[in-house]
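First the structure, in the form of structure tokens, and then the observations on it.
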Amino acid sequence: MSEHVGMVLGVEGMVVGNRPRGMWKYSLPQEPLPKIEKWCGLFETLGERRLASHLLVGLELLLPLMFPDLVSSHDKVLTLFPHARTSYVEGVRSVQPTWSAWLSRDREQLLVDLCNVRLQEARPSQCATPHTTHLTPSLLGEWCRASYAIRESLPLKEEESRGCGSLMAALYWELGWEVGVVKRLMEESGINWGYFIDHNPFEPHCNCHPNNYIVLPPGEGKLLAPVDFDLAFRGERFFSPYTGQGDTELFHSWVHTEYEEMGRTLGGDQSNTGVQTATTLSQETTALVWGFRDTMVKGYSCSYNKGQNLHPLPDHLKVAMRALVTMALVLTANHTS
């Protein structure tokens with residue numbers, strides 16, 4: 001299935017993160033079922049760092065560095081949210097999470113797009129920061145090279161930004177856009193990534209979540225690639241667990257539910273894998289975190305629905321964007337997925 005998905009995604013320049021390379025027949029020292037042959041698929045994997053556990057968490061850890069005047073940035077973004085997204089807790093205005101807005105029928109009116117607002121973004125000027133005291137020499141070297149690339153690539157004047165409100169916003173939009181392209185192409189090709197009723201009818205299994213995207217290394221063209229297709233299946237091979245018969249309507253319903261589930265977990269809710277996809281928020285970062293998550297989810301929805309890419313990445317920001325990805329992954333180098 002990985003090879004088939006790779007051909008499907010190649011139409012729009014996307015790739016899969018694990019490529020089939022062969023099969024391995026193996027046996028166990030004390031074989032309980034000796035007459036049953038055992039085989040394992042062998043894959044070439046293009047990366048191991050995941051979108052949710054590593055990249056998104058790392059980007060949220062970077063917010064105090066990239067926006068040193070957090071209070072000012074927070075207050076500016078807070079004004080963008082419609083009143084239906086905000087409430088007052090002990091006199092402090094707070095924002096509903098992105099995933100909560102995604103679940104609303106009015107999601108398009110509730111989600112904000114931070115690519116449309118200019119935020120004062122810092123240019124990392126030094127290697128030694130509170131973020132880097134725990135890093136190994138190797139990781140510190142990666143951090144320093146990435147911070148230098150951002151410092152050299154970010155536009156000095158607002159008019160040079162060419163419509164990107166901030167590098168961070170442009171990155172979140174691009175991540176959402178790529179995820180939406182993958183989901184649309186798979187759905188158009190009649191592929192269910194792995195949404196089905198398993199042992200518990202109240203907790204469906206769903207492979208369509210952010211941690212089933214790896215972060216590609218530089219040089220691959222795109223930032224992300226999907227993985228984990230061992231439980232994927234196509235419509236012509238689907239049988240309803242309720243009737244034992246083919247059921248096109250139920251199949252398409254489950255495939256569309258994957259789209260909804262991905263939007264919810266991109267929006268910061270916990271996936272059914274138990275993986276936490278967001279950091280613990282401070283009062284100073286709440287509006288920024290949900291604003292950037294909103295931007296990513298809007299990019300996801302836009303590309304899935306074949307909308308126009310409202311924020312194509314300017315060429316002069318591509319180096320800086322890749323460097324920002326590197327810095328986020330450095331901060332989460334010891335995180336497990």
Any side-chain to backbone donor/acceptor pair from Ser301 onto Val297? Under 3.5 Å, distance only.
no
Give the minimum heavy-atom separation between Val182 and Pro226, together with the two atoms involved.
CG1-CG, 3.9 Å
Full working for side-chain contact (heavy atoms from CB on, under 4.5 Å) between Arg234 and Asn192:
CA-CA 6 Å; Arg234 301 171 67 176; Asn192 181 314; over 6 Å; no
What closest approach, in Å, do Gly267 and Trp290 show between heavy atoms, and which atom pair accounts for it?
O-CZ3, 3.2 Å
Using the ring pair (Phe, Tyr, Trp, His ring centres under 6.0 Å) rule, pick out the option among Trp193, Phe238, Phe196 that qualifies with Trp254.
Phe238
Given Trp177, Trp173, Tyr259, the one that forms ring pair (Phe, Tyr, Trp, His ring centres under 6.0 Å) with Tyr300
Tyr259
Find the distance between OG1 (Thr295) and CG (Asp113) and round it off to the nearest 0.5 Å.
5.0 Å
Angle class for the Phe292/Tyr172 ring planes (parallel below 30°, perpendicular above 60°, tilted otherwise)?
parallel
I need the minimum non-hydrogen distance between Arg93 and Thr79, along with the two atoms involved.
NH1-CA, 4.4 Å
Which heavy-atom pair separates Leu331 from Gly58 by the least distance, and what is that distance?
CD1-O, 4.1 Å
Mind listing the closest non-hydrogen atom pair of Val319 and Ala149 along with its distance?
CG1-CB, 4.2 Å
Cation-pi, Trp102 ring and Arg264 (6.0 angstrom, 45 degrees)
no
Should the pair His54 and His335 be assigned to parallel (<30°), tilted (30 to 60°) or perpendicular (>60°) ring geometry?
tilted
Pair Glu178, Lys222 - check salt bridge (charged side-chain N to carboxylate O under 4.0 Å, His left out), show working.
CA-CA 8 Å; Glu178 291 188 14; Lys222 302 295 184 181; 5.3 Å; no
NZ/NE/NH1/NH2 to OD/OE distance under 4.0 Å, Glu258 and Lys183:
yes
Report the relative orientation of the aromatic rings in Tyr304 and His256; use parallel for angles under 30°, tilted for 30 to 60°, perpendicular for over 60°.
tilted
Please check this pair: side chain of Arg49 against backbone of Thr332, looking for a donor-acceptor N/O pair closer than 3.5 Å.
yes
Here the pair of heavy atoms bringing Met296 nearest to Leu266 is CE-O, 3.4 Å
Under 3.5 Å, side chain of Glu121 to main-chain N/O of Met168, donor-acceptor pair present?
yes
For Ser189, the side chain to side chain contact (heavy atoms under 4.5 Å, CB included) test, sequence neighbours excluded, returns Val8, Ile191
Report yes or no: do Ser53 and Asn211 form a side-chain donor-acceptor pair below 3.5 Å?
yes
What's the separation between atom CG in Asp294 and atom CD in Gln96, rounded to the nearest 0.5 Å?
10.5 Å
Under 3.5 Å, side chain of Thr265 to main-chain N/O of Met262, donor-acceptor pair present?
yes
